[in-house]
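Written out below as structure tokens is the structure these notes cover.
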Amino acid sequence: MSIQLTQDHVFKTYLREGRPFVKGRGSKLYDDQGNVYTDFLAGIAVCNMGHCHPDLTAAICAQAGALLHVSNLFYTRPQAELAKVLTEKSFADRVFFANSGAEANEAAIKLARRFFQAKGEIDRFKIVTMQQSFHGRTMATLSATGQDKIKKGFYPLLDGFAHVPFNDIEALKAVVDDTVCAVMMEPVQGEGGVVPADPEYIKAVRQLCTDTGTLLIFDEIQTGMGRCGTLFAHQSYDVVPDIMTLAKALANGVPIGAMLANKEAAEGFEIGSHGSTFGGTPLATAAALEVVRLISEQGFLASVREKSAYFMAQLNSLKEKHRKVVDVRGKGLLIGMELDISKGKTATEYVSECFKKGFIINAIQDKILRFAPPLIIETAEINQLVATLDSLLAGEDH
Ligand SMILES: *Cc1c(COP(=O)(O)O)cnc(C)c1O
């Protein structure tokens with residue numbers, strides 16, 4: 001029934017698979033016929049603590065029974081405490097709350113422009129982003145996104161965006177001048193194919209921004225909240241941005257976005273500069289507070305790094321065994337496996353075959369398998385997926 005109703009009444013903007021899901025527990029999802037799936041996608045890097053974590057469910061229920069919403073004309077404890085912990089655990093001094101990734105990036109873009117315009121530097125409005133980047137679907141974040149296929153049909157987009165090749169410092173140097181207010185990038189490109197920034201590159205970007213007084217924005221919407229083995233991915237590179245955006249896993253599935261900035265950059269906004277009706281509701285921020293508490297538990301991030309090393313080693317052994325696998329890359333539990341699709345099955349076909357065998361994975365550009373399991377995934381579950389991939393790949397060895 002849900003399938004028919006969806007097909008009849010919901011916009012056809014998504015390709016969907018399988019039966020409707022009715023329940024989630026940890027890294028397992030259950031459909032309406034009782035089939036069980038092991039989730040290696042976590043709702044696209046959202047449910048980092050797994051489905052229906054009991055502590056999170058309790059925090060959400062308690063807050064739902066106390067207070068849902070009052071608007072940002074008043075103070076609430078969960079929003080205040082979340083801002084405190086996020087700033088304590090990062091380079092940032094201030095947080096603006098939104099409801100999604102695109103909105104968090106929209107806030108970052110607005111802050112970067114207003115930062116200079118408030119100082120009278122009205123010609124310094126350009127934002128440089130990376131080719132193959134993904135920053136969202138609103139008009140400004142679409143303008144920031146470096147993938148033509150996503151922009152097609154929506155022209156004209158916003159003025160003042162330029163895109164340069166990722167991991168190419170000379171290309172960036174060639175465009176950063178005194179008309180550029182910010183450089184915006186993902187520490188690991190997610191939708192672009194799971195491509196990590198080279199450590200020397202990201203350090204050189206920081207240096208270039210510092211030397212030219214340009215704001216550096218890290219989009220950590222997909223890479224943040226422990227996904228890459230540290231609370232924020234940039235912490236593993238030992239570089240800090242001026243502005244950072246978060247969303248996806250911040251509240252494990254309760255909609256939220258956040259834009260964080262250091263003290264100086266935060267001066268770009270004043271009373272009335274920006275706003276959001278729902279941004280930072282008590283419900284969403286109470287959920288996020290619990291997520292941060294769980295990720296911060298002793299040993300949790302170390303366990304993510306251990307599982308990452310194990311999973312990567314297993315996937316690399318598939319690469320040794322099967323010519324079909326051309327690359328394994330990523331950071332933490334955001335991992336891509338690139339396939340040679342010049343003959344045989346595409347990545348999308350692998351996704352369907354895995355689904356039939358009870359595993360949820362994802363394909364990017366039809367040639368890269370993306371794995372982003374809940375961070376609580378177990379070694380035994382990794383082994384089961386790897387064995388399944390091994391047998392599927394063996395069918396194409398010839
Ligand atoms: C998902 C994503 C976004 C957009 O977030 P929405 O909540 O879908 O608006 C932006 N940037 C990155 C890196 C993302 O992965």
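All values derive from a computational prediction rather than experimental measurement. We count ligands from 1, going down the list as the structure has it; atoms in each ligand are counted the same way. Sequence positions, counted from 1, serve as the residue numbers for this chain.
When only non-hydrogen protein atoms are considered, atom 5 (O) of ligand 1 lies nearest to G101 CA, 3.3 Å. The protein heavy-atom contact nearest to atom 3 (C) of ligand 1 is F134 CE2, 3.6 Å. At the shortest separation from atom 9 (O) of ligand 1 among protein heavy atoms lies A102 N, 2.8 Å.
For the pair G136 and ligand 1, the shortest N or O to N or O distance does not fall below 3.5 Å.
With a 4.0 Å heavy-atom cut-off, ligand 1 is reached by the side chain of K248 but not by its N, CA, C or O. Only backbone heavy atoms of H135 (N, CA, C or O) come within less than 4.0 Å of ligand 1; its side chain stays farther off.
Side-chain contact, Y237 with E200: no donor N or O sits under 3.5 Å from an acceptor N or O. With hydrogens and angles left out, the side-chain atoms of E186 and T223 include no donor and acceptor closer than 3.5 Å. Between the side chains of N262 and D242, at least one donor-acceptor pair of N or O atoms lies under 3.5 Å. Under 3.5 Å, the side chains of N252 and H51 contain no donor-acceptor pair of N or O atoms. Side-chain atoms of Y310 and N383 form a donor-acceptor pair, as typed in the model, at a separation below 3.5 Å. Between the side chains of N72 and Q79, at least one donor N or O sits under 3.5 Å from an acceptor N or O.
Those atoms of ligand 1 that come under 4.0 Å of a heavy atom in D219, given as number and element, are 10 (C), 11 (N), 12 (C), 13 (C). Each of the atoms 10 (C), 11 (N) of ligand 1 lies under 4.0 Å from some heavy atom of N105. The atoms of ligand 1 that sit less than 4.0 Å from any heavy atom of Q222 are 15 (O). Atoms of ligand 1 found under 4.0 Å from any heavy atom of E186 (numbered from 1 in listed order, with element): 13 (C).
When the shell of 6.0 Å around NZ of K151 is examined, it contains more than 12 heavy atoms from other residues, nucleotides or ligands.
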